[in-house]
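For reference, the structure is listed below as structure tokens.
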Amino acid sequence: MQIETPQAVAIYCRLSKEDLDENKIDNLSRSIKNQKSMLTDFAEINGWQIFDIYCDDNLSGVARDRPEFNRLIREGKFGIILCKTQARFTREMELVEKYIHGLFPIWGIRFVGMVDGADTSVKGNKKARQINGLVNEWYLEDMSENIKSSLDDLRRKGHHIGAWVRYGYMKDPNQKGHIIPDPVAAAVVERIF
């Protein structure tokens, strides 16, 4: 991977499914627009030339199939990757180690997290980035457990939590999480039995 100029910066923005922003502007969430604006200003203040802006909207920080993330990694024709925070780049410790602490230094790419102070050019900053990586991964584990326990509680209370209902039933239009017999399918179900 060759670097065209050490001051060329790639801006990476991401909004996760958990933080989904339904208010879209030009097909991008408001949060992505804000990240782009903030990071563009930061790059200009530092005298960095923007190589490209990569945005993954509505994708988790642990997803490995993020199209813009993968394009960023493939292209690599820049000296700096700039994100709002390290968590916007990834919430998975394995990817922090693989890219931020492993491949980026080999490729001559500096990683900068504007808000959390993650910066691979700062000596002694690695431990802070590793702690951030662990906290971000723990956050996902905690959130996963919280969601799982909430869904389990709803199931125990008899609520339907799936997107589809089994044949013979339909979602109750008057009560969320409640299903009722489907009058059309009921005749078919009776014939089957």
Side-chain angles (χ1 to χ4, degrees), residues 11-40 53-73 82-100 113-116 118 129-193:
I11 292 175
Y12 180 71
C13 307
R14 181 185 63 79
L15 181 72
S16 65
K17 291 179 180 179
E18 304 88 56
D19 304 322
L20 184 59
D21 181 358
E22 298 294 334
N23 299 314
K24 301 227 177 207
I25 306 166
D26 298 334
N27 237 8
L28 289 175
S29 67
R30 218 174 338 152
S31 176
I32 291 287
K33 288 274 194 188
N34 291 341
Q35 285 179 54
K36 283 173 66 174
S37 174
M38 176 190 311
L39 296 171
T40 300
I53 299 176
Y54 306 78
C55 299
D56 283 316
D57 207 349
N58 193 23
L59 292 169
S60 170
V62 294
R64 302 231 173 165
D65 60 348
R66 292 178 273 156
E68 289 293 283
F69 175 86
N70 289 323
R71 184 171 74 89
L72 169 85
I73 298 300
L82 176 62
C83 296
K84 181 180 174 187
T85 64
Q86 181 176 300
R88 294 298 95 197
F89 182 74
T90 185
R91 286 193 183 272
E92 187 177 354
M93 192 61 197
E94 183 181 335
L95 292 182
V96 169
E97 289 301 319
K98 178 179 179 178
Y99 291 111
I100 296 175
M114 187 187 101
V115 174
D116 61 6
R129 291 189 309 270
Q130 288 172 321
I131 290 168
N132 277 347
L134 286 171
V135 169
N136 289 328
E137 198 163 288
W138 292 337
Y139 167 79
L140 284 180
E141 289 172 5
D142 288 347
M143 187 171 46
S144 176
E145 284 301 312
N146 288 338
I147 290 170
K148 184 178 179 277
S149 66
S150 293
L151 294 177
D152 286 346
D153 184 55
L154 287 172
R155 278 188 208 99
R156 276 192 300 279
K157 291 177 179 172
H159 292 273
H160 175 73
I161 59 168
W164 297 278
V165 295
R166 292 181 183 220
Y167 185 74
Y169 294 92
M170 59 188 260
K171 292 182 180 182
D172 186 342
N174 301 319
Q175 185 182 349
K176 185 176 178 166
H178 185 250
I179 57 174
I180 57 177
D182 180 346
V184 175
V188 176
V189 172
E190 273 185 38
R191 274 195 316 214
I192 291 171
F193 284 99

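Position 1 is the first residue of the sequence, and the numbers go up from there. All of these numbers come straight from a predicted model, not from anything done at the bench.
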Nearest-0.5 Å distance, [atom1] of residue [X] to [atom2] of residue [Y]:
X	Y	atom1	atom2	answer
Glu94	Tyr99	CD	OH	9.5 Å
Ile100	Leu95	CD1	CG	9.0 Å
Leu82	Gln35	CG	CD	10.5 Å
Lys36	Lys33	NZ	NZ	5.5 Å
Ile192	Glu190	CD1	CD	10.5 Å
Leu39	Arg88	CG	CZ	11.0 Å

Side-chain donor-acceptor pairs under 3.5 Å in residues 168-189, sequence neighbours left out?
residue	atom	partner	partner atom	Å
Lys171	NZ	Ala163	O	2.9
Asp172	OD1	Asn174	N	2.8
Asp172	OD2	His178	ND1	2.9
Asp182	OD1	Val184	N	3.1

Looking at residues at least two apart in the chain, or sitting in another chain, which of them share a side-chain contact (heavy atoms from CB on, under 4.5 Å) with Ser37?
-> Asp41

Arg166: partners by salt bridge (Lys or Arg N to Asp or Glu O under 4.0 Å), with sequence neighbours left out | none

Determine yes or no for a side-chain-to-main-chain donor-acceptor pair under 3.5 angstrom, with Asp57 supplying the side chain and Cys13 the backbone.
-> no

With Tyr12, the side chain to side chain donor-acceptor pair (under 3.5 Å) member among Lys84, Arg71, Arg66 | Arg66

Are Glu68 and Arg14 ion-paired here, with the side-chain N under 4.0 Å from a carboxylate O?
-> no

What pair of heavy atoms forms the shortest contact from Met38 to Val115, and how long is it?
-> SD-CG2, 4.4 Å

Please report the closest heavy-atom contact between Asp116 and Gln86, naming both atoms and the distance.
-> OD2-N, 2.9 Å

